[in-house]
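Each remark here refers to the structure printed beneath this line.
One-based numbering, in listed order, for ligands and for the atoms of each. The shown structure was predicted, so the numbers you read here are calculated from the model rather than taken from an experiment.
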Amino acid sequence: LSDSATVDAASIKPFPGSKKIFVQGSQADILVPMREISLADTAMELGAEKNPPVRVYDTSGPYTDENIVIDLRKGLAEMRRNWIDARLDTEYLNEKSSLFANQRARDEALDRLRFNHKRKIRRALAGKNVTQMHYAKQGIITPEMEYIAIRENMSLQQARAQGVLEQQHQGMDFGANIPDEITPEFVRSEVARGRAIIPANINHPELEPMIIGRNFLVKVNGNIGNSALGSSIEEEVEKLTWGTRWGADTIMDLSTGKNIHETREWIIRNSHVPIGTVPIYQALEKVNGVAEDLSWEIFRDTLIEQAEQGVDYFTIHAGVLLRYVPLTAKRVTGIVSRGGSIMAKWCLAHHKENFLYTHFEDICEIMKAYDVSFSLGDGLRPGSVADANDAAQFGELETLGELTKIAWKHDIQTMIEGPGHVPMHLIKENMDKQLRECGEAPFYTLGPLTTDIAPGYDHITSGIGAAMIAWYGCAMLCYVTPKEHLGLPNKDDVKVGIITYKIAAHAADLAKGHPGSQLRDNALSKARFEFRWEDQFNLGLDSDTARSFHDETLPKESAKVAHFCSMCGPKFCSMKITQEVREYAANLGADLSAELGEALGEESVVRMVDVEAEMATKAAEFRAQGTKLYSKV
Ligand code: IRN
Ligand code: FE2
């Protein structure tokens with residue numbers, strides 16, 4: 001990062017029509033950010049009414065807060081510092097960390113923290129366990145848990161007040177049992193039960209806490225990271241701010257090239273969302289890319305180095321067992337996981353069991369001293385629909401279930417990674433098996449891609465599978481960009497990937513009946529029906545694109561109040577016609593309306609009374625104007 005490094009302007013642009021608000025919890029420093037989108041009044045002729053602002057979940061952090069100036073060299077404010085200190089179970093490490101087997105590696109690591117040299121590193125006091133799960137099991141509600149309860153409920157109050165709860169369709173949550181309201185106690189109980197995790201390393205005090213579990217809003221992860229071929233530190237930080245702007249709930253830094261430690265330091269210090277990594281990638285760098293040269297000692301040092309930096313969750317491919325590797329031999333696409341292939345190679349080269357598996361309890365000892373969560377890697381996930389749900393994949397999943405129970409014995413928060421490429425009819429079996437094998441630990445899947453025939457469009461092939469599995473109970477979706485299988489995603493790809501996955505996640509929230517989740521849909525639909533164009537744009541996941549698509553054909557300001565768009569033109573706008581239909585119905589004899597209304601309910605009146613008459617008028621208009629109607633307006 002150069003001295004002049006500044007936050008990417010496009011990432012910090014405030015959202016149109018929106019402001020950041022904070023809802024306070026039981027302590028003055030529990031301030032939960034939300035985005036509030038303000039709406040215009042309904043026009044006079046449509047019944048003149050005020051439309052209350054809509055609150056939406058905000059993943060964009062301090063970057064979209066106009067009152068905060070961010071200096072990337074200093075990093076973000078340490079919001080959680082007092083919460084962590086108040087628990088009195090951590091200490092600041094001095095220069096002689098006993099955990100660090102290799103003192104030189106530690107010194108080098110410290111050297112590389114150039115921009116924030118004074119940042120102190122925390123660790124649990126000897127004998128203490130500082131995980132959120134550990135507190136939860138003892139009945140303690142942490143500030144993180146309370147923060148999350150407020151955050152998850154952001155739409156509930158408004159939905160209640162506006163009658164959306166009654167309008168919202170009954171969800172179908174496949175036995176998840178989502179409560180009517182998310183309370184701090186509910187958050188605690190879900191974490192204690194292992195059904196949800198709060199990735200929150202004690203060395204990441206800049207974090208805005210969030211939760212991953214199937215009784216909560218479905219979350220989205222965005223991957224960033226350089227590779228040997230391209231991308232700079234600045235670009236990676238920019239991808240973080242850009243990805244979270246569009247809705248990434250967590251970010252994984254998958255860097256493999258040079259400056260791996262420094263890149264990560266920049267990312268974590270400037271990240272308000274949990275950061276995940278795959279530590280075996282960095283361990284492999286340390287042995288110059290020769291998988292056979294990996295060892296438990298090198299891996300352990302890497303884990304500690306990253307835990308001390310503040311990584312919130314680790315992908316660990318501990319389920320790739322020696323005996324599963326031959327099961328991939330006849331696959332169409334073999335092993336497609338990077339971590340999985342590294343471990344498979346190591347196992348075969350040494351003809352030994354995976355050291356991540358044999359040292360699993362040692363890994364747990366490290367994780368609980370920092371509260372790093374497990375994301376147990378699916379190193380044997382299918383890389384083609386042909387390989388879906390095969391013996392290698394499911395064998396690994398069973399092992400991940402066994403490891404989950406060991407992690408829980410240490411009170412380590414754990415989620416399970418899943419596929420991959422799976423055709424639609426085989427998706428549910430994945431979710432059901434995962435819940436069964438892993439004691440309902442949260443599932444975190446990569447898509448799945450439902451077909452292999454659309455390179456260039458794999459955000460869509462996978463968005464379909466993601467929506468399905470999220471509905472069935474998957475807690476977090478790892479995004480796939482249009483560049484999947486083809487190249488490193490750029491900024492546009494990151495945005496398209498995140499938005500695609502937000503759609504899948506929200507569609508699942510609706511289908512599961514998450515309380516109040518329909519608030520934004522209803523508000524947007526009402527704006528659309530009332531031709532409040534600006535509101536329609538601003539309520540959308542991507543208002544910029546919505547606005548520019550609209551303006552492509554009707555750029556004039558006056559079109560922003562027009563009661564039609566260029567898709568159907570003024571005469572064929574169904575919404576406009578419906579409004580005319582309603583007016584027509586309203587003007588009919590009050591007696592007739594009342595009489596029919598009692599018998600059939602208001603909606604039916606509109607349908608019965610006037611559709612025929614209206615159709616006749618429109619038919620006459622249509623015949624009179626002929627093909628002219630199809631020309632652009
Ligand atoms: C998510 C679910 N299954 C895999 N993932 C993600 O894939 C994981 O979280 C990480 O971002 C990446 C790891 O890839 P490899 O090493 O398994 O290919
Ligand atoms: Fe793939």
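Residue Tyr281 has at least one heavy-atom neighbour below 4.0 Å for each of these atoms of ligand 1: 13 (C), 14 (O), 15 (P), 16 (O), 18 (O). Interface atoms of ligand 1 facing Gly418, defined by a heavy-atom separation under 4.0 Å, are 2 (C), 3 (N). Atoms of ligand 1 found under 4.0 Å from any heavy atom of Gly339 (numbered from 1 in listed order, with element): 15 (P), 16 (O). Within ligand 1, counting atoms from 1 as listed, the ones closer than 4.0 Å to a heavy atom of Met252 are 8 (C), 9 (O), 10 (C), 11 (O). Heavy-atom proximity to Asn223, at under 4.0 Å, picks out these atoms of ligand 1: 11 (O).
Both the backbone and the side chain of Leu446 come within contact range of ligand 1, each with a heavy atom under 4.0 Å. Residue contacts with ligand 1 for Tyr444 involve both N, CA, C or O and side-chain atoms from C-beta outward (heavy atoms, distance under 4.0 Å).
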Working note: Lys433 + Glu398, criterion salt bridge (Lys or Arg N to Asp or Glu O under 4.0 Å); need CA distance, chi angles, decisive distance, verdict.
CA-CA 9 Å; Lys433 188 173 170 70; Glu398 285 157 26; 2.8 Å; yes

Going through the checks in order, is the side chain to side chain donor-acceptor pair (under 3.5 Å) test met by Tyr501 and Ser462?
CA-CA 9 Å; Tyr501 272 66; Ser462 68; 2.6 Å; yes

Before you tell me yes or no, could you show the steps for Tyr135 and Asp371 under side chain to side chain donor-acceptor pair (under 3.5 Å), namely the whole-Å CA-CA distance, both residues' side-chain angles and the distance that decides it to 0.1 Å?
CA-CA 11 Å; Tyr135 305 130; Asp371 195 7; over 6 Å; no

Between His261 and Gln309, does a side chain to side chain donor-acceptor pair (under 3.5 Å) hold up when you go through it step by step?
CA-CA 9 Å; His261 183 102; Gln309 268 190 307; 3.2 Å; yes

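Closest protein heavy atom to atom 12 (C) of ligand 1: Leu254 CD1, 4.3 Å. Atom 17 (O) of ligand 1 has as its closest protein heavy atom Ser337 OG, 2.7 Å. Atom 3 (N) of ligand 1 has its closest protein heavy atom at Asp378 OD1, 2.9 Å.
Of all heavy-atom pairs spanning Gly447 and Val480, the tightest one is N-CG2, 4.4 Å. In this structure, Arg323 and Leu327 approach most closely via the heavy-atom pair O-CG, 4.1 Å.
Here the side chains of Glu152 and Val187 are not in contact, with every heavy-atom distance at 4.5 Å or above.
Ring geometry for His485 versus His421: interplanar angle of 30 to 60°, hence tilted. Using a 30° and 60° split on the angle between ring planes, Phe299 and Trp296 fall in the tilted class, from 30° to 60°.
Around the Fe ion (ligand 2), the protein contributes the following N, O or S atoms at distances under 2.8 Å: His421 NE2, His485 NE2.
Relative to atom 8 (C) of ligand 1, the option among Glu417, Met476, Arg338 with the closest non-hydrogen atom is Glu417.
In Lys405, the NZ atom is crowded: over 12 heavy atoms of neighbouring residues, nucleotides or ligands sit closer than 6.0 Å.
For the salt bridge (Lys or Arg N to Asp or Glu O under 4.0 Å) criterion with Lys409, the lone passing option out of Glu402, Glu365, Glu361 is Glu361.
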